[in-house]
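Data block below; observations after.
Each residue takes its place number in the sequence, starting with 1.
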Amino acid sequence: MLYDQFLNYERQTDSQVYACCPFHMEKTPSFTINTETGEWYCHAGCGGGAEKEFIAKYFDVNTKIAKYAVSYWESKGYMPFPSEAQIDKWHEALMSQPKELEALHQFGWTDEIIKKLCIGIDDLRITIPIKSRTGYWTNVRKYLPSYRRKAGQHNAKCTNIANLGQKRYYPYEAFDEQEIYVVEGEKDCITGKSQGLNTVTSTGGSAIPTEEIMLFKDKDVVLVLDSDSVGSRNTQNYIALLRNIVSSLK
């Protein structure tokens, strides 16, 4: 079963297996799986569903990505999400290239933040791994620096791992602090962090992750979005979304 890689089963009776629920702390198993239907249920209140609902909740991804992950596992026998080993490989590749690091230093990025965020390089793109709220790597944003963009070519400035792109906030640890600076794009986010600001951005480009907007509740928020038409529009959208839930807004 797909669940085998995530759970340690405690016991089995007929078509039911029991395990400690991975979504809350417990010592007595309250999590059951029907081995005939593949459906799961937490009797302590965490919910239930089929395999895609489990993956969505476990990795904190949307239903579309969860369905893709289940299909990917059925085909290949493992999840499509980036592994720790792959992220480490890209990071080590970057740290071994002084010229690449110097180019990133020109953005204002520091080695300390580059290491903290596990930033790396894959071919011509800078890899920015994305963690979900449950702490798992679920995507990698691949940024093409301006010094590698050629006139007349229309390569995307930032891409995702195929089928894993989801608008969400990055990085989530920004919400552990009281004051939060909202910027537009991972490049600005990493620059801000390197300069001592507690920055956060959306991984969906200019799209606001409205389903996560309550993460800003009772925070002191400073909007530092781009000064173009899209940034100006998003500033107004953020004001409308945040004005009644934050402690202060600038």
Does [X] reach the side chain of [Y], with side-chain heavy atoms less than 4.5 Å apart?
X	Y	value
V182	V221	yes
T201	D188	no
T199	T191	no
Y238	Q236	no
D88	W90	no
I161	P80	no

How close do [X] and [Y] get, heavy atom to heavy atom, and via which atoms?
X	Y	value
G231	E184	CA-OE1, 3.5 Å
P171	C189	CD-SG, 3.9 Å
S194	G108	CB-O, 3.0 Å
A174	N198	O-ND2, 2.8 Å
M79	A69	CE-O, 3.8 Å
N155	L144	CB-CD2, 3.9 Å

Worksheet item: Parallel, tilted or perpendicular for W109 and Y143, by the 30°/60° rule?
Response: tilted
[X] [atom1] to [Y] [atom2] distance, which is reported to the nearest 0.5 Å:
X	Y	atom1	atom2	result
L197	K193	CG	NZ	9.0 Å
F175	L215	CZ	CG	4.5 Å
S232	D226	OG	CG	9.0 Å
S206	N234	OG	CG	5.5 Å
T37	E51	OG1	CD	9.5 Å

Run the ring-centre check on [X] versus [Y] and record whether the distance is less than 6.0 Å.
X	Y	result
Y41	H43	yes
Y58	Y136	yes
Y18	Y9	no

Item to complete: Could you please spell out the steps behind the side chain to side chain contact (heavy atoms under 4.5 Å, CB included) verdict for N139 and R168?
Response: CA-CA 11 Å; N139 186 23; R168 59 167 74 243; over 6 Å; no
Worksheet item: Under 4.5 Å between side-chain heavy atoms, hopping through other hydrophobics if needed: is there a path connecting L117 to I128?
Response: yes
Fill in: Shared hydrophobic cluster, I239 / V183 (ILVMFWY, side-chain heavy atoms < 4.5 Å)
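Result: no, two separate clusters.
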[X] and [Y]: side chain donor to acceptor below 3.5 Å:
X	Y	value
Q12	Q16	no
Y172	E212	yes
N160	R141	yes

Please say whether more than 12 non-hydrogen atoms of neighbouring residues, nucleotides or ligands are located less than 6.0 Å from [atom1] in [X].
X	atom1	result
N8	CG	no
Q106	CD	yes
D176	CG	yes

Worksheet entry | With F23 via ring-ring contact (aromatic ring centres under 6.0 Å, His included) - residues at least two apart | W40, F54
Item to complete: For a ring pair (Phe, Tyr, Trp, His ring centres under 6.0 Å) with F59, tell me which candidate from W137, F6, Y68 qualifies.
Response: F6
Can a donor-acceptor pair be found, under 3.5 Å and without considering hydrogens, that links the side chain of [X] to the backbone of [Y]?
X	Y	value
H91	I119	yes
E26	C21	yes
Y3	G38	yes
R149	K157	no
S132	D60	no
S71	K67	no
T203	Q166	yes
E53	A50	yes
S75	Y72	no

Discussion item. Test of understanding: with side-chain hydrogen bond (donor to acceptor under 3.5 Å, both in side chains), list the residues that count as partners of E211, not counting sequence neighbours.
Written reply: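 Partners of E211 by the side-chain hydrogen bond (donor to acceptor under 3.5 Å, both in side chains) criterion come out as none, since no residue qualifies.
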Worksheet item: Can D123 and K142 be counted as an ion pair, charged N to O under 4.0 angstrom?
Response: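 Salt bridge absent between D123 and K142.
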Worksheet item: Hey, is K131 close enough to E84 for a salt bridge, meaning N to O under 4.0 Å?
Response: no
Worksheet entry | Trace of the side chain to side chain contact (heavy atoms under 4.5 Å, CB included) decision for I114 with M95 | CA-CA 9 Å; I114 289 171; M95 299 310 293; 3.9 Å; yes
Worksheet item: Between K52 and K57, is a side chain to side chain contact (heavy atoms under 4.5 Å, CB included) present by the stated rule, with each step listed?
Response: CA-CA 9 Å; K52 67 179 184 297; K57 191 173 182 66; over 6 Å; no
Practice prompt. Find out whether the Lys NZ or Arg CZ of K219 is both under 6.0 angstrom from the six-membered ring centre of F216 and within 45° of the ring's axis.
Written response: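 Output no; distance or angle outside limits.
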Discussion item. Run L104 and I126 through side chain to side chain contact (heavy atoms under 4.5 Å, CB included) and show every step you take.
Written reply: CA-CA 9 Å; L104 299 182; I126 303 302; 4.1 Å; yes
Give the table of side-chain donor-acceptor pairs shorter than 3.5 Å for residues 240-250, with sequence neighbours excluded, one pair per line with atom names and distance.
unit_1: S247; atom_1: OG; unit_2: D220; atom_2: OD1; d: 3.4
unit_1: S248; atom_1: OG; unit_2: D220; atom_2: OD1; d: 2.7

